[in-house]
Amino acid sequence: MKHPSTTLIHHPYEPPQGFASPVAGVFKASTVFFPSVAAMRSRQWKDKTAYTYGLHGTPTTYMLEERLCTLEGGLQCVLTPSGLSAIALVALALLQSGDEVLLPDNCYEPNKTLMEGELLGWGVRHRFYNPMDPRDLQSKLSSATRLVWLEAPGSVTLEFPDLAQLTRLCQQHGALVALDNTWGAGVAFTPFDLTPGQPCAVDISIQALTKYPSGGGDVLMGSVITRDADLHMRIKLCHMRLGLNVGANDAEMVLRSLPSIALRYRAQDQSTRALAVWCQTQAAFVQVLHPALTGSPGHAHWQRLCAPQGQGAAACLFSVVIDPRFTQPQVDAFCDRLQLFRLGYSWAGPVSLVVPYNLDRMRGAWPAAIARGTLVRFAVGLEATEDLQADIAQALAVLA
Ligand SMILES: *Cc1c(COP(=O)(O)O)cnc(C)c1O
């Protein structure tokens, strides 16, 4: 008769097979058991036919990876602890000393900081290109260019580039193309099919799952999706060597949110466009930036890719440029005065957000298509549109 502690730890009961329900199981493990030494020696995790260690995948993470591949039209997926770590993983997996990376000049700021603060010290250089001018990109592609980042639209200024043209230029030059697809989220367009009928695909699509796939404002996670098995394996091996992991509960939260991603995307899209159009009628705003608005930089590119017919799709972000006669303290007071729009960065959750930006500090030169003034970015949540409009209206009193 064994001690009860031992029996509790090595309990013989096995639940019956075949349990089925709407939600994915949460499988947690650091260690994974093997039935024999032979199995331990021969088991493979790289092709997802088995399990070897918590870091190398569980039924929960495999399931999430497969569903994200379906969402984005990819074939392989690696999960990372945040969207930023997905960006960093791509850099670490693919770049070596002497290589050069090209970043759009309106890119997600932390990608810039990663290049400046870490990669530069390892001999990886970076340059910025104007994503709205393909000739500028072409002139900067060199024999050292290994990787080019694309973003559609730019994180804060929301210019929408011609993704297909930029992708072709890079690939003709032999450079890998990585797209930060957090805005499109696999809903607005398909990164591996940029020109239906003709092959044109990015090599890598990363996403901050933190945003739409989670949708709750409570999970940090990222994904790196590919369609090329060798490219995937380079990324996967680097991921393994770095020991990157995501928690099972977090993976399950994203699995739980994925079925509603298209509905949430559409609801926030409609609300965002209504607010953006209303903001165009407000005298304090000299420009409203949203790719679905005629006149917003890159609108035609957005229309071709995301709205070939009908309304199309766009995410929950828009920015306004506030008349330069208002000082930064006045603009800050406007943001402080908002009540439903909370001050915060990570969008696509239920709560609407606002952030004032200082474009002068972010960009080498003031972008030609953007009016002078102070830029404020709104991220629209799931509150009723009329309440959000009333909130902006009451805060505008400080700019009267
Ligand atoms: C939020 C965001 C990221 C990073 O996501 P985290 O999970 O917060 O690290 C990357 N790219 C874009 C465009 C984002 O908006």
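Read the numbers this way: they start at 1 and go in the same order the structure lists the ligands and their atoms.
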Check: T157/R363 side-chain N/O donor and acceptor closer than 3.5 Å
yes
re atom 13 (C) of ligand 1, the protein heavy-atom contact at minimum distance is D180 OD2, 3.4 Å
Taking only Lys NZ, Arg NE, NH1 and NH2, and the carboxylate oxygens of Asp or Glu, determine whether D269 and R273 approach each other closer than 4.0 Å.
yes
Relative to each other, are the rings of F160 and W183 parallel, tilted or perpendicular (30° and 60° limits)?
perpendicular
Heavy-atom distances under 4.0 Å are what count here, so tell me which part of S155 touches ligand 1: side chain, backbone, both or neither.
side chain
On a heavy-atom basis, which atom in K112 and which in L103 lie closest, and how many Å separate them?
CA-CD1, 4.0 Å
Counting non-hydrogen protein atoms only, what is the nearest one to atom 3 (C) of ligand 1? Give residue, atom name and distance.
Y108 CZ, 3.3 Å
Give a yes or no on whether R256 atom CZ has more than 12 heavy-atom contacts from other residues, nucleotides or ligands under 6.0 Å away.
no
Can you list the ligand 1 atoms lying under 4.0 Å from a non-hydrogen atom of L84?
4 (C), 5 (O), 6 (P), 9 (O)
Closer than 4.0 Å to some heavy atom of K211 - which atoms of ligand 1 meet that?
1 (C), 2 (C), 3 (C), 14 (C), 15 (O)
List the closest protein heavy-atom neighbour of atom 6 (P) of ligand 1: residue, atom name, distance to the nearest 0.1 Å.
G83 N, 3.4 Å
F378 vs F318 aromatic rings, parallel, tilted or perpendicular, using cut-offs 30° and 60°?
parallel
Contact between Q282 and V320 at the side-chain level, heavy atoms closer than 4.5 Å - yes or no?
no
Only heavy atoms of L220, strictly under 4.0 Å: list the atoms of ligand 1 that pass.
7 (O), 8 (O)
Quick check on ring-ring contact (aromatic ring centres under 6.0 Å, His included): which of W45, Y62, F33 does Y51 satisfy it with?
Y62
Which atoms of ligand 1 sit under 4.0 Å from any heavy atom of T210?
6 (P), 7 (O)
Contact with ligand 1 for G222, non-hydrogen, under 4.0 angstrom:
no
What do we get for W347 next to ligand 1 when only non-hydrogen atoms under 4.0 Å count, side chain, backbone, both or neither?
side chain
Check ligand 1 against A208 and write out every atom of the ligand that is under 4.0 Å from a heavy-atom position of the residue.
2 (C), 3 (C), 4 (C), 5 (O)
